[in-house]
Number of protein chains: 2
Amino acid sequence: MYDRILRDKELKVTPQRIFILEEIRKMGHAGIEDLHDKVKEVYSSVSLATIYKNIHILVEENILREVPVHGRKPVYEINIGDHVHLCCSKCGEISDLMDVDTAPMLAEAEKQTGHRYERIAVMLQGTCKSCSN
Amino acid sequence: MYDRILRDKELKVTPQRIFILEEIRKMGHAGIEDLHDKVKEVYSSVSLATIYKNIHILVEENILREVPVHGRKPVYEINIGDHVHLCCSKCGEISDLMDVDTAPMLAEAEKQTGHRYERIAVMLQGTCKSCSN
DNA sequence: CTGATTGCAAATAGTTTGCATAGCG
DNA sequence: CGCTATGCAAACTATTTGCAATCAG
């Protein structure tokens, strides 16, 4: 599944990397420590240092994207391009909102500043579906 | 200048707090270490622990706002409500864009999810004015 | 005065690095 | 086989905490 993506970036396909990517895909968004715990369940000898090293490489290569979160350590997600993030004020769950178009705001900002922007990150804070019941 | 704001929140008005707030206002956006260095220039005995403690309190009380930044430690700004941030990919400078209206995107997200959001944070990445020359 | 705040030092948490070994290509 | 990647331990950086002294109200 991720073999191809790694090979294309000239990164070696190691089980650690596969498990890291698989786990992030499953979790949607994962912090370093969560990820280490989860990967250890299937690959018990994996070290925290390996998680750190790989996260850096994978972010560098745009396979992953870092999502900075208000008041916490960042989480990481598979890079699927710009989209809106939601962060629940109660449970802290991070989720994606794929259907809100960020282009109009980007266009407005470019119009006002006369510059082009490479990336837009939008984070909304509120109560998520499960917590509002 | 900030006496009133502190008093309203029932926080004691100490020179350290005044200098922290003054410095953030002057710098626009400041990280913990920058802030410590700058405040030390005028109040040389201030400790890093005091900076940390006050930043927490001031964020808690909504006097300051934390701005999470992709790949770095967060910076802090005087809380002036939701607005768009720019981060220069070259020099790293963080700046504000006050005139882009975030309400339409917020409304769209609320429409799609059926929930209300308390806050929207938008970060644009690109090359800033000075760096594009 | 009295409780909040400060500064220091020590403790804790988070991240990076160096190096010997293992394993991908 | 050669070089990258891993795991470990140690180093380093960042943040928090406990406590005695200080200061604002």
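By convention in this document, chain letters (A, B, ...) are assigned in the order of the sequence lines, proteins followed by strands, and residues within each chain are numbered from 1.
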- [ ] Output, in order, the C-alpha distance, side-chain angles, deciding distance and verdict of side-chain contact (heavy atoms from CB on, under 4.5 Å) for Met1(A) and Arg25(A).
- [x] CA-CA 11 Å; Met1(A) 171 69 175; Arg25(A) 188 190 52 74; 4.3 Å; yes
TODO: Establish, with yes or no, whether the OP1 or OP2 oxygen of dG7(D) is under 4.0 angstrom from a side-chain nitrogen or oxygen of Gln16(A).
DONE: yes
Task: Residue Ser47(A), side-chain heavy atoms: nucleotide from dT16(D), dC8(D), dG25(D) that is nearest - done: dC8(D)
TODO: Kindly check if the number of other-residue, nucleotide or ligand heavy atoms within 6.0 Å of CZ (Arg116(A)) is above 12?
DONE: no
- [ ] Scan side-chain atoms only and decide if His29(B) and Asp96(B) contain a donor-acceptor pair under the 3.5 Å cut-off.
- [x] yes
Open item on the list: Mind checking if Lys73(B) touches a base, just sugar-phosphate, or nothing, with heavy atoms under 4.0 Å?
Closed with: sugar-phosphate
Open item on the list: Side-chain N or O of His56(B) versus OP1/OP2 of dT15(D): is the shortest distance under 4.0 Å?
Closed with: no
Open item on the list: If you compare every side-chain N and O of Arg17(B) against the phosphate oxygens of dA24(D) (OP1, OP2), does one of them come in below 4.0 Å?
Closed with: no
Task: Lys12(A) side-chain proximity, nearest of dA24(D), dC8(D), dC3(D) - done: dC3(D)
Open item on the list: Is it the case that over 12 heavy atoms from other parts of the model lie below 6.0 angstrom from the NZ atom of Lys129(A)?
Closed with: no
- [ ] At the 4.0 Å heavy-atom cut-off to chain B, mark where contacts on DNA chain C begin and end, going 5' to 3'.
- [x] dG3(C) to dC8(C)
TODO: Can you tell me the distance, in whole Å, between the NZ atom of Lys9(B) and the P atom of dG25(D)?
DONE: 17 Å
- [ ] Applying side chain to side chain contact (heavy atoms under 4.5 Å, CB included) between Arg119(B) and each of Leu106(B), Asp82(B), Thr102(B), report the one that passes.
- [x] Asp82(B)
TODO: Check every strand shown and say whether His36(B) touches a base, only sugar-phosphate, or nothing at a heavy-atom separation below 4.0 Å.
DONE: nothing
Open item on the list: For Tyr52(B) and Val13(B), find the nucleotide of DNA chain D closest to each by heavy atoms; which residue's nucleotide sits nearer the 5' end?
Closed with: Tyr52(B)
- [ ] Decide side chain to side chain donor-acceptor pair (under 3.5 Å) for Ser132(B) and His115(A); before the verdict, give the C-alpha distance in whole Å, the side-chain angles of both, and the deciding distance to 0.1 Å.
- [x] CA-CA 9 Å; Ser132(B) 53; His115(A) 284 77; 3.1 Å; yes
Open item on the list: So, OP1 or OP2 of dT6(D): does either fall under 4.0 Å of a side-chain N or O from Thr14(A)?
Closed with: yes
- [ ] Assign Glu33(A) to base, sugar-phosphate, or nothing according to its heavy-atom contacts below 4.0 angstrom with the strands shown.
- [x] nothing
Open item on the list: If the threshold is 4.0 Å, N to carboxylate O, is there a salt bridge linking Asp34(B) and Lys38(B)?
Closed with: no
